[in-house]
Amino acid sequence: MSPRNRRDQPASELRPLEFGRWAWRQLTSMRTALLLLLLLAVAAVPGSFIPQRGVDARAVQAYYLDHPKLAPILEDLGAFSVFSSVWFSAIYLLLMISLVGCILPRTKVYAQALRARPPKAPRNFGRLPASDRFETDASVAEVLAAGRRVLGRARVDVVEDADGGELRAEKGYLREFGNLVFHICIVVALVGVALGALLGYRGNVIVVEGDGFSNTLSQYDEFSAGAMFDPETDLEPWSLDLGDVLTRFYVEGTNRGAPKLFRATGGYTEGGRDRGDFSIEVNHPLSVGSEDVFLVGQGYAPVLRVTDSAGDVVFDGAVPFLPTDSTYTSTGVVQVPDSDGTQLGFQGFFLPTAYSPDPSKPSVSVFPGALNPRIGMNLWTGDLGLDEGISKSVYSLDTTKMTQVKDGDGNFRIDIGPGESQALPGGGKIEFVELKQFARFQIGHTPVPWVPLSGVGLGILGLTLSLLVRPRRTWIRARRDGSRTVVEVAALDRVPRDDLPADIDDLLSRLRADLGDAPEKELS
Amino acid sequence: MTTDQMAQLSNYLTGSAFAVLWIAFFCHVAEWISARREAPVAVAAGQGPVVTADHDADDRPETPDRLVGIAVSLTVLGTLLLIGGSVTRGLATQRAPYGNMYEFGVTGTAIALTVYLFMVWRSRIQWMGGVVLAVCLGILTMSVSSYTPAGPLVPALNTFWKYIHVTSIMVAAAMFMVGAAASVLYLVKQRAEDRGAVGPVLARFPAAARIDQVAFRVNAIGFPMWTFGALISGPIWAHLAWGRYWGWDPKEVWALITWIVYAGYLHARVTAGWKGRRAAYLALVGFATFIVSYYIVNLFISGQHSYA
């Protein structure tokens, strides 16, 4: 950022303009930029340790339950959404301003430097970090011409007067160019990210095998869009029918149970027209129009049927159970709003491969594939809280106004496999009709992804230039002394390097070779 | 040879590399101890243990130099064994050997040691050996502590972006490893130079300014690679696998923090009042944040990078 480091102190009385100028200079100074950078790094830390609402909303809910006193304080501090909090944004914005405030003047300075000629040689070469001299029979003009050849692609000026001449050379202009490109590209990348967030959206939906999804807001389970995205008009008209979810797991060796393949297949339409079949895998999304459909999860959705005491079906449908571990031990909920005049709530587990080494203990899932699927649930009756107008999650049961159904001394427990049914204490039954799978899709539209991508990409090229190119000024001064010419050579690096003396030696020997001089004539 | 036998061989090779590198490290420790013993200026002389940094080669005690030679030879052997361990691991799993934390650590350390040995060959930086080995052994210990039996990968990792993303991150990390070792040395040496008390051990190291330059060079190579790994190939892959290119996953957050701190380091080196020592501290903080993103995040925070 700005190399300027003047510690301008505000005078006791400053007019607004002067104060503004002073504040601007402070903000765009390298020191401030550095501190802001480090502050940004520190400010990001809590975002990795405290659950973030934008990353995992359920983890935030769990945090509230575990730390009921601390959570509201953290909430006020914005700790559950660090990256959109006021203080994080403030640092970020100040850094952006500082960045722009450094790019603009530096671009101007660089434009001037591009037109400028190499500077005059200093009077005393001995004060420079590396210098040397020799004598030769060649004339001043010959020496300077040889110097021009030896210095190659550097920008060179030759000035001659009565008793000699000097050659001024400068190279390494690309360093500052790369530096500016890098910083400008960071701004471009950040603007691209911001545009993508403003104009884009992202949504999540669980679809069970045999069901469909059409791209309208009401079909999404979770949906978040940028301020400039209107879900009513901007969602593209397409739909899909999920035919099959294919999952494969390793069955042998140390990786038994590790996932091998996840694939969702089916057919889709776009704008009412049939587009044929699709196959979505992890790392292989489906593109529909400007939107992408990603497979981000899958699990089991047993089809359950609940019948009341009169034999009427009060619930019949696939219930997605959300996986909680690598063996797909999954949790799920069935809510029945009306069964014999009361409301029923089932809550419990699905185990794809249930196994119980000891019959007195509850089963556990030992393999993620559905080899021995079982459902174990408890039952509540009372008020599901559906009428309060607050949207409730379909994956959790609010039991505050419900009572758990007992069976003798213990709680009533349902334990059924596919095709089995179990009678309920109040009459009626629950039936495990068949096992289906569900796919969780993430659907999103990120406009102009190439802006941040090319921003960072070009930025790296600029960065590499700025780190590799080494600017150097070289001077060769030749002066006639009797019948001989005394040649002095010196160089100065804008970025100090330890190979300068060796380079001067090298330059000297190439210069003398070009002049046809033998090195033993060297003085000193 | 079956893949199981190959996996076994890989474990033997990595295990022996670990042992050989420990011995090499002890050779460097012995080098420093003997340098102190054979110092031409005795402590008892009452002038303090001060030795000039650039004394003649004839004055140099022989034993420490011999020990350095042994240490470098052992490091070459250990590095070859480690590369063998990494390659056989790849053959056993039929894929590139960096699909989890263990493999990342082993292969990354092998790269870091290769970088170091290359620099020994080109710029004779064996004076850095002891500290480089200490850093590498630390990383190896972390990776061995998260040992995973040889096996295939979860579907999310099954893409060629893995090779690009992980390779660039790993090479960058290897650079940061060597850079951190140099920064530690720089801080120690600079402190001694400032006090005018460069002892016989520190006299074996080059001038602080030169050490600082070595640290800068490797970090300056590492930084663009880290940028590419964390901010280009990572987001592209994240977009394909998870449907978003940046999601503030804990590992992403820490990779960004590492990037910011190293960016701060590069700026600090050209900022008055931050040059030198403060910049070197920043490089070490940067390396510490890398350790957090490599190791601590996986142990203590759950996120989408939980496999590696």
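First the proteins, then the strands, lettered A, B, ... as listed; each starts at 1.
Of the two parts of B/W248, the backbone and the side chain both hold a non-hydrogen atom closer than 4.5 Å to a non-hydrogen atom of chain A. Both the backbone and the side chain of A/V45 come within contact range of chain B, judged by heavy atoms closer than 4.5 Å. Contacts between B/R217 and chain A at a heavy-atom distance below 4.5 Å involve the side chain alone, from C-beta outward. Heavy-atom distances place no part of B/W161 under 4.5 Å from chain A, backbone and side chain included. Contact annotation for A/Q52: neither backbone nor side-chain heavy atoms come within less than 4.5 Å of a heavy atom of chain B. Residue A/F441: no heavy atom, backbone or side chain, is found under 4.5 Å from chain B. Contacts between A/I186 and chain B at a heavy-atom distance below 4.5 Å involve the side chain alone, from C-beta outward.
The aromatic ring centroids of A/H183 and B/H267 lie less than 6.0 Å from each other. With ring centers used as reference points, B/Y262 lies 6.0 Å or more from B/F223. Aromatic ring centroids of A/F294 and B/H239 lie under 6.0 Å apart. A centroid separation of less than 6.0 Å is found between the aromatic rings of A/Y201 and A/F223.
A donor-acceptor distance shorter than 3.5 angstrom exists from the side chain of A/D221 to the backbone of A/I206, with no hydrogens or angles considered. Counting only distance, with no hydrogens or angles, the side chain of B/N219 and the backbone of B/A215 share a donor-acceptor pair below 3.5 Å. Between the side chain of A/S454 and the main chain of A/G457, no donor-acceptor pair closer than 3.5 Å is present. Side-chain atoms of B/E193 do not come within 3.5 Å of backbone N or O of B/A207 as any donor-acceptor pair.
For chain A, the option among B/L266, B/V253, B/D4, B/L256 with the highest count of heavy-atom pairs below 4.5 Å is B/V253. Considering only heavy-atom pairs separated by less than 4.5 Å from chain B, the leading option among A/V193, A/V42, A/L295, A/T464 is A/V193. In terms of heavy-atom pairs under 4.5 Å with chain B, the best-connected choice from A/G200, A/A41, A/P452 is A/A41. For the set A/I443, A/D292, A/L38, the entry with the most heavy-atom pairs within less than 4.5 Å of chain B is A/L38.
Figure legend: cation-pi geometry between B/R269 and B/F216, with NZ or CZ positioned under 6.0 Å from the six-membered ring centre and within 45° of its axis.
Side-chain contact of B/S145 with B/Y295: a donor-acceptor pair under 3.5 Å is present, judged by distance alone. Donor-acceptor pairing under 3.5 Å is recorded for the side chains of A/Q298 and A/Y328.
The side chain to side chain contact (heavy atoms under 4.5 Å, CB included) test applied to A/A59 returns A/P51, A/D56, not counting sequence neighbours.
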**OP:** For A/R202 and A/E291, run salt bridge (charged side-chain N to carboxylate O under 4.0 Å, His left out): C-alpha distance rounded to whole Å, both residues' side-chain angles, the deciding distance at 0.1 Å, then the answer.
**Re:** CA-CA 10 Å; A/R202 196 196 299 167; A/E291 297 172 5; over 6 Å; no
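At a heavy-atom separation below 4.5 angstrom, chain A is approached by no residue within residues 166-176 of chain B. Contact residues of residues 279-292 of chain B toward chain A are B/L282 (heavy-atom distance under 4.5 Å).
Between B/T14 and B/Y102, the closest heavy-atom pair is CG2-OH, 3.7 Å.
Sorted pairs that involve residues 218-243 of chain B and meet salt bridge (Lys or Arg N to Asp or Glu O under 4.0 Å), not counting sequence neighbours, are lacking altogether.
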